[in-house]
Each structure stands twice: as structure tokens, then as C-alpha cells.
> 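Have a look at the structure that comes next, please.
No experiment lies behind these values; they were computed from the predicted model shown. Heavy-atom basis, side chains included; hydrogens, waters and symmetry copies ignored.
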Amino acid sequence: MKNQYFGDKNDFYKYDLALNMTEACGLRTFTFLVMLTPDDGRGDGSLTSYDCGARSAKLHQFLQDCVQNGRRRVEELTGFLDLQQISHTTFLGDVSAAVRPEYFASIGCDKLQSALVFLDPDNGLEVKSTRRGNLHKFVRYDEVRSLYERMGDDSLLMVYQHIPRIERIRFFSLIAQRLHERVDPLGCACYSPDNQVAFFFITKDQGQKKCVREVLPAYAARVGAAHCVVDLL
């Protein structure tokens, strides 16, 4: 995640989805794990003109105000969450290889109970080309597994994923297979709003697996998502 992305179309999609799932699945809090990296001066994050559609009008207005008034910083989201009286915790920090263990160690188990735990890296889950020099852009499978093992049974783990230029359903299935092999979750579902980004939901409880199976397709149908794939595991 970069501050230059804040308030763009994908930000609107992901925050609306995360907050909707937090409420619909009866979770007490939203735990936002921002894997913040420096702005790079590129054009990413320029898609700031978008319609509200069937998503939250309050969130849409808030993000548009941030963009128009030069407040494109991810910590601005806490103001919206406070205003809406949504219980939340946000972790911001350096995720470079040298200090990365400290970032994940700072996430206490109490913040992973009855929570929608959202991991937001620049690119998504690690790939074959992930090395120390570009690790800051990815989250490793062992880091996902550590969070999964520590989170409460009724919590949901949500992971941002950029989609490469390959066939979508095959890519989603490949990620699910890797999660099965390296994390071993009870359930995994995928949601893609626009065929460019996706969000994986990982569950460890039958009740929450059932909730995701019911709520996610209904949400996708309401907002007109490009893909919603449940029961990948």
C-alpha cells in the first residue's frame, strides 16, 4: 500500500468490501494491516473519478473529499472509522526485509479476535521472483500462516492481490492451492471487483465459512463485481 493510492477506485472497493464483511459476518472489529511503502511518483492511484454505485455513499464522499483536499494519506481512514463508530485498529510501519519481523510481532493476538484482519501489501502474495530487494511489495505465505494461526476462530483474514495478465479463474485456483499447501485454512474465497485486483478471504471456522459462502456472492451481485468465487478449498 502506498499513500499515493489512497482514495482511488480500488481503495473505495476494498474499504467498502472489508467494512461490509465485518458487519455482515458479525465481527466486532476491523484490523487493518497496512504494509506501507514509499510513494514512487508513478501514475498508479490516478483513478480517482468513480461513481458510488451500490456501495457506501458515506465512504465514497469521504474518499472524494480526501482526494480533492490533498489528504491522500492512509491514516486519514481512521477519521472515517471513528466518525462511523466502527471499532478498528490500524498498523502502519516499515515492511522492508530488515525490520519486517518487528512489524508482524507488533500485531497482538488481542487485535486478531472476532476481527476482519485485512492484509494490504502493494502487490499481494509472494511470487517466485520475490527476493529481499522487492519483499516490501509482497506478503509471504509464512506470514499469512502466522496470522491465521493466531487469529480467533470467528475471525476472517482478507488479503489484497493484484492480478497478473493470466486467465483469472486459473490464477484464483493457483492461489487457493498455494494457500492450502502453505497455510492450510479451513476455507478460502475470492472476490474480484474489476478483473484487475482481487481479495482472498481465509477462514478457520465452519460458521464463518458459511457466512462468507452466503454473504460474499450477495454483495458481489449487489455491486456488480466481475468475479466472485467461493469454496476454493
> On the ring face of Tyr160, is Lys14 found with NZ or CZ under 6.0 Å from the centre and within 45° of the axis?
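Geometry flag: set, cation within 6.0 Å and 45°.
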> Can you tell me if Arg72 uses its side chain to pair, donor with acceptor, with the backbone of Gln4 under 3.5 Å?
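Present.
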> Report the distance from atom CD of Gln208 to atom CZ of Phe201, rounding to the nearest 0.5 Å.
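Gln208 atom CD to Phe201 atom CZ measures 11.0 Å (nearest 0.5 Å).
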> Contact between Val74 and Phe32 at the side-chain level, heavy atoms closer than 4.5 Å - yes or no?
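Result yes, sub-4.5 Å side-chain heavy-atom pair found.
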> Using side-chain heavy atoms (C-beta onward) and a distance below 4.5 Å, is Tyr50 in contact with His60?
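Contact flag for Tyr50/His60 side chains = yes.
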> Mind checking what makes side-chain hydrogen bond (donor to acceptor under 3.5 Å, both in side chains) contact with Ser56, not counting sequence neighbours?
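If we apply the side-chain hydrogen bond (donor to acceptor under 3.5 Å, both in side chains) test to Ser56, skipping adjacent residues, there are no hits.
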> Can you confirm if the aromatic rings of Phe80 and Tyr15 lie within a centre distance of less than 6.0 Å?
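Not under 6.0 Å, so no.
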> So does Arg145 get a backbone contact from the side chain of Arg182, meaning a donor-acceptor N/O pair under 3.5 Å?
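The answer is no, because no donor-acceptor pair under 3.5 Å joins these two groups.
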> Is there a donor-acceptor pair closer than 3.5 Å between any side-chain N or O of Arg100 and the backbone N or O of Leu135?
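Checked: pair present.
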> Strictly distance-based, threshold 3.5 Å: is any side-chain N or O of Thr22 a donor or acceptor partner for the main-chain N or O of Ala18?
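Judged by distance alone, yes, a pair lies under 3.5 Å.
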> Could you check whether any side-chain N or O of Ser192 sits under 3.5 Å from a backbone N or O of Val197, counting only pairs where one atom can act as donor and the other as acceptor?
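Flag set: sc Ser192 to bb Val197 pair under 3.5 Å.
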> Checking Lys204 side chain against Tyr148 main chain: does a donor-acceptor pair fall under 3.5 Å?
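Judged by distance alone, yes, a pair lies under 3.5 Å.
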> Val159 pairs by side chain to side chain contact (heavy atoms under 4.5 Å, CB included) with which of Leu125, Val117, Asp120?
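Exactly one candidate clears the test, Leu125.
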> Side chains of Ile107 and Arg150: closer than 4.5 Å at any heavy-atom pair?
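Yes; the side chains approach each other to less than 4.5 Å.
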> Any donor-acceptor pair under 3.5 Å linking the side chain of Gln64 with the backbone of Thr48?
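Judged by distance alone, yes, a pair lies under 3.5 Å.
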> Is the number of heavy atoms from other residues, nucleotides or ligands within 6.0 Å of CD (Glu23) greater than 12?
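Not buried by this count: 12 neighbours or fewer within 6.0 Å.
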> Under the 3.5 angstrom rule, does the side chain of Asp16 hit a backbone N or O of Phe12 as a donor-acceptor pair?
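Between the backbone of Phe12 and the side chain of Asp16 there is no qualifying donor-acceptor contact (under 3.5 Å).
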> Please check if any side-chain donor atom of His136 sits under 3.5 Å from a side-chain acceptor atom of Asp122, or the reverse.
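The criterion, which ignores hydrogens and geometry beyond distance, is not satisfied for Asp122 and His136.
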> Under the disulfide bond (SG atoms under 2.5 Å apart) definition, can you give me all pairs with a residue in residues 51-166, not counting sequence neighbours?
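Listed once each, the pairs would be none.
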> Could Arg55 and Tyr13 be counted as a cation-pi pair, given that NZ or CZ must be under 6.0 Å from the ring centre and within 45° of the axis?
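The answer is yes, since Arg55 meets both limits relative to Tyr13.
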